[in-house]
Amino acid sequence: MFRLYIVILLLFFCFLSPSNTFAQTSILEKNISLEVRNEPISEVLKKISQQGNFIFSYNPSVIEVSKTVSFSANAKTIREVLQLIFQEKVRYKEKGKYLILQRAEEDENSKYFFISGYVLDYQTGKKLAQASVYEPLTFASAVSNEYGYYQIKLLSKQTQVTIKAVKQDYQEQDLVVETKKNQNLNIILSPQTTNAIQVAEIRKQDSLTIRQANPNLPDSIVIQMVEIKQKERESLAARLKSSLSNFLTSANQKINALNIKNVLSKEWQVGLVPYLSTNQLMGNTEVGFSLNLIAGNNAGVKKAELGGVVNIVGNNVEGVQVAGVLNLVGKQVKGVQIAGTGNIVGGEVGYIQAGGLFNINKGSMTGAQISGLFNLNAKSQIGFQAAGLFNSNGKEIGEGIQVAGLSNFQFGRYEGVQISGLLNFVSGEFEGVQISGLVNYAKKVSTGAQIGVFNYADSVGTLIPIGLFSYIRRGGYHPLEFSVNEMEFTNLTFKTGVRKFYTILTVGMQPHQVAKRLWHFGYGVGTYWTLNNSLAVNLDLTVHQINQDSFSRYVNLLNRASLALEVRGRWLGFAIGPAWNLLITDTSNPNYQTIFDDFPQFSLGKNETVNSGFRVRSWVGLQAAVRMGK
């Protein structure tokens with residue numbers, strides 16, 4: 001057992017040792033210098049192995065080592081030197097300290113051939129890692145390794161092959177290569193400065209804008225604010241797309257997505273996840289049809305896409321897109337988009353969007369939008385919108401119908417209908433109907449109606465608010481009224497809403513009846529007609545509960561319809577008119593006779609009936625009032 005522990009420890013330290021093979025430079029990438037004049041290949045290989053500190057392994061009967069060669073190599077990699085010696089007739093394979101040489105079989109009938117070499121910087125000659133080399137018709141691709149070396153596998157059946165090479169911040173290079181023949185090809189790329197200049201210019205403009213608004217800010221804070229503005233330019237869709245793409249794609253696909261700016265076209269693609277698919281340039285490819293068993297990542301979709309879990313599209317979607325969990329689109333959607341959990345789009349959405357939980361769009365939504373929890377659009381919504389919790393749209397003109405279990409929000413102008421269980425909110429001009437279980441709010445109502453418990457508008461053109469309490473700040477009707485009537489009550493009344501339809505809150509008492517101490521509170525509705533500049537008529541319908549001392553537990557309901565003629569000035573008016581009353585009282589009240597036997601003392605006429613313990617009286621009375629405000 002002790003010996004086993006020792007062996008395990010030795011293996012562990014060997015694994016961590018810097019001399020481990022994984023930490024060593026590749027044999028083929030070691031630099032050597034040689035001057036060879038008509039020397040046998042066998043002798044040249046010995047010199048190479050001595051300089052590189054490794055051992056060649058080959059079969060002399062297979063490799064022509066007796067052949068003489070001449071060349072000059074100054075600080076060349078072993079791979080490049082072997083290329084000078086063997087051209088494309090030998091393949092190399094590293095295994096530990098050995099470099100195995102094998103004859104490269106050349107078959108004109110082979111389905112594939114290989115192009116290999118280094119990617120170099122035009123100005124410095126430096127070998128460039130993480131450069132993309134691809135063929136745009138078959139989507140064959142390769143990424144240069146840490147030493148700048150690439151190898152791409154191409155189809156032999158093509159009559160002409162053009163490969164493209166590009167790296168971020170470098171100009172793209174096109175090269176026409178000979179088909180059906182393995183060949184070595186070094187690719188030289190020139191630096192591209194345009195993008196860097198554009199980014200620098202944007203950052204400069206941001207810095208100037210911030211500095212003008214905040215001249216005393218330290219430079220360090222300005223730099224931080226510029227960085228924040230850069231991040232804010234990225235939409236939620238773009239940030240999520242980047243995060244999910246990084247998680248789902250291979251290292252080479254990530255590099256290709258950074259390097260290749262051209263959008264390629266392909267009729268269809270099928271994959272399990274992005275790194276296991278028929279299209280290894282998914283993030284740079286626009287496809288007609290896409291089938292993703294788990295997840296997919298395309299530059300665009302032209303006809304239809306189906307994903308078991310997630311669909312990621314960098315640009316636009318046209319047609320139908322369906323995902324079991326999430327659709328994530330960087331730009332626009334035009335068609336039908338359905339997801340089990342949600343849809344997130346970085347631009348405009350057209351026609352139909354349905355999410356099991358949510359829909360989030362950076363642009364406008366035109367058509368029908370439905371979700372289980374919420375719909376959130378940074379710009380406008382035009383059409384039909386329904387959500388279990390809330391709908392929210394940004395500062396552009398919207399129109400259509402919004403339906404939500406809790407709330408509808410429109411930050412801007414809206415034309416149409418809002419229906420919610422709790423709150424409707426329009427921060428700009430509104431034209432249409434708001435119906436809510438509690439509150440309706442609109443900045444300005446040009447024409448329409450509000451139906452809810454509480455209604456508010458900052459200003460109105462033509463509006464009918466229907467609810468328990470409505471308040472219109474400008475253009476509304478909200479006078480304060482002091483009145484007396486035939487029942488000897490002195491009343492304080494507040495009317496609010498619009499002249500066509502307003503609500504009434506009222507309270508009153510009999511100040512001279514010390515023994516009875518009667519008082520009432522009431523609620524009602526009314527309407528107001530203007531006859532001319534100084535005369536108006538109003539009709540009020542109110543219900544009052546009459547109490548003695550504290551709140552009475554007995555029914556003493558006074559129902560009153562009053563018609564009044566008002567002589568009005570700018571801020572003050574006087575109104576007088578008749579009122580028809582219907583009083584329903586509970587005769588089981590022990591104080592009934594004391595309170596109501598002679599009630600009211602003065603009237604133009606009265607009658608009464610008794611039914612099932614309730615006494616019903618009706619009479620015609622009179623009311624006079626002074627009104628302040630308008």
Side-chain angles (χ1 to χ4, degrees), residues 235-237 240 290 300-307 310-311 313 315-428 430-437 440 448:
S235 66
L236 174 62
L240 281 177
S290 178
V301 174
K302 298 293 289 183
K303 296 176 182 177
E305 182 173 44
L306 176 62
V310 178
N311 295 317
V313 176
N315 296 325
N316 302 325
V317 171
E318 295 181 15
V320 179
Q321 186 183 46
V322 181
V325 176
L326 179 68
N327 287 313
L328 186 57
V329 179
K331 293 185 178 178
Q332 298 182 359
V333 173
K334 189 175 182 180
V336 178
Q337 188 181 47
I338 301 170
T341 297
N343 300 297
I344 301 175
V345 180
E348 313 297 316
V349 178
Y351 308 155
I352 297 175
Q353 187 179 51
L357 296 182
F358 61 83
N359 295 303
I360 301 174
N361 303 314
K362 190 179 180 182
S364 299
M365 168 64 205
T366 302
Q369 186 179 46
I370 302 167
S371 73
L373 292 182
F374 65 88
N375 295 308
L376 182 61
N377 299 306
K379 295 183 179 179
S380 65
Q381 169 262 327
I382 299 174
F384 178 76
Q385 190 176 42
L389 292 183
F390 70 87
N391 298 303
S392 180
N393 302 308
K395 294 182 178 180
E396 289 192 5
I397 297 174
E399 58 181 271
I401 299 173
Q402 284 185 306
V403 181
L406 290 182
S407 305
N408 293 307
F409 299 93
Q410 175 68 37
F411 296 94
R413 176 183 169 86
Y414 195 76
E415 298 177 5
V417 179
Q418 287 185 315
I419 303 172
S420 72
L422 185 66
L423 169 68
N424 291 313
F425 177 91
V426 178
S427 67
F430 177 71
E431 182 177 340
V433 178
Q434 287 182 314
I435 303 172
S436 80
N440 292 307

Any Met365 side-chain heavy atom under 4.5 Å of Asn375 side chain = no

Atom of [X], atom of [Y] and distance for their closest heavy-atom approach:
X      : Y      : value
Asn424 : Ile435 : ND2-O, 2.8 Å
Ala354 : Asn359 : C-OD1, 3.8 Å
Ala404 : Ser407 : CB-O, 3.1 Å
Phe430 : Val433 : CZ-N, 3.4 Å
Ile401 : Tyr414 : N-OH, 3.4 Å

ask   = With a cut-off of 6.0 Å (strictly less than), are more than 12 heavy atoms of other residues, nucleotides or ligands near CD1 of Ile397?
value = no

Please list every donor-acceptor pair under 3.5 Å in which a side-chain atom of residues 326-333 meets a protein atom from a residue at least two apart or in another chain.
| from | atom 1 | to | atom 2 | distance (Å) |
| --- | --- | --- | --- | --- |
| Asn327 | OD1 | Asn311 | ND2 | 2.9 |
| Asn327 | ND2 | Ile338 | O | 2.9 |
| Asn327 | ND2 | Asn343 | OD1 | 3.0 |

With rounding to the nearest 0.5 Å, note down the distance linking [atom1] in [X] to [atom2] in [Y].
X      : Y      : atom1 : atom2 : answer
Lys302 : Ser290 : NZ    : OG    : 14.5 Å
Glu305 : Gln321 : CD    : CD    : 5.0 Å
Asn391 : Gln410 : CG    : CD    : 10.0 Å
Asn408 : Leu422 : CG    : CG    : 10.5 Å
Lys334 : Glu348 : NZ    : CD    : 12.0 Å
Gln381 : Glu399 : CD    : CD    : 9.0 Å

request  = Classify the angle between the aromatic ring planes of Phe411 and Phe425 as parallel (below 30°), tilted (30 to 60°) or perpendicular (above 60°).
outcome  = tilted

ask   = Do side-chain atoms of Ser436 reach the backbone of Gly421 as a donor and acceptor pair under 3.5 angstrom?
value = no

Output all residues satisfying side chain to side chain donor-acceptor pair (under 3.5 Å) with [X], sequence neighbours left out; order by chain, then residue number.
X      : result
Gln385 : Gln369, Asn393, Gln402
Lys303 : Glu267
Thr366 : none

query = For residues 351-399, which residue pairs qualify under ring-ring contact (aromatic ring centres under 6.0 Å, His included), counting only residues two or more places apart or in two chains?
reply = Phe358-Phe374, Phe374-Phe390

ask   = Just checking, any donor-acceptor pair under 3.5 angstrom between side chains of Ser380 and Ser364?
value = yes

Set of residues satisfying side-chain contact (heavy atoms from CB on, under 4.5 Å) with respect to Leu373, sequence neighbours excluded = Leu357, Leu389

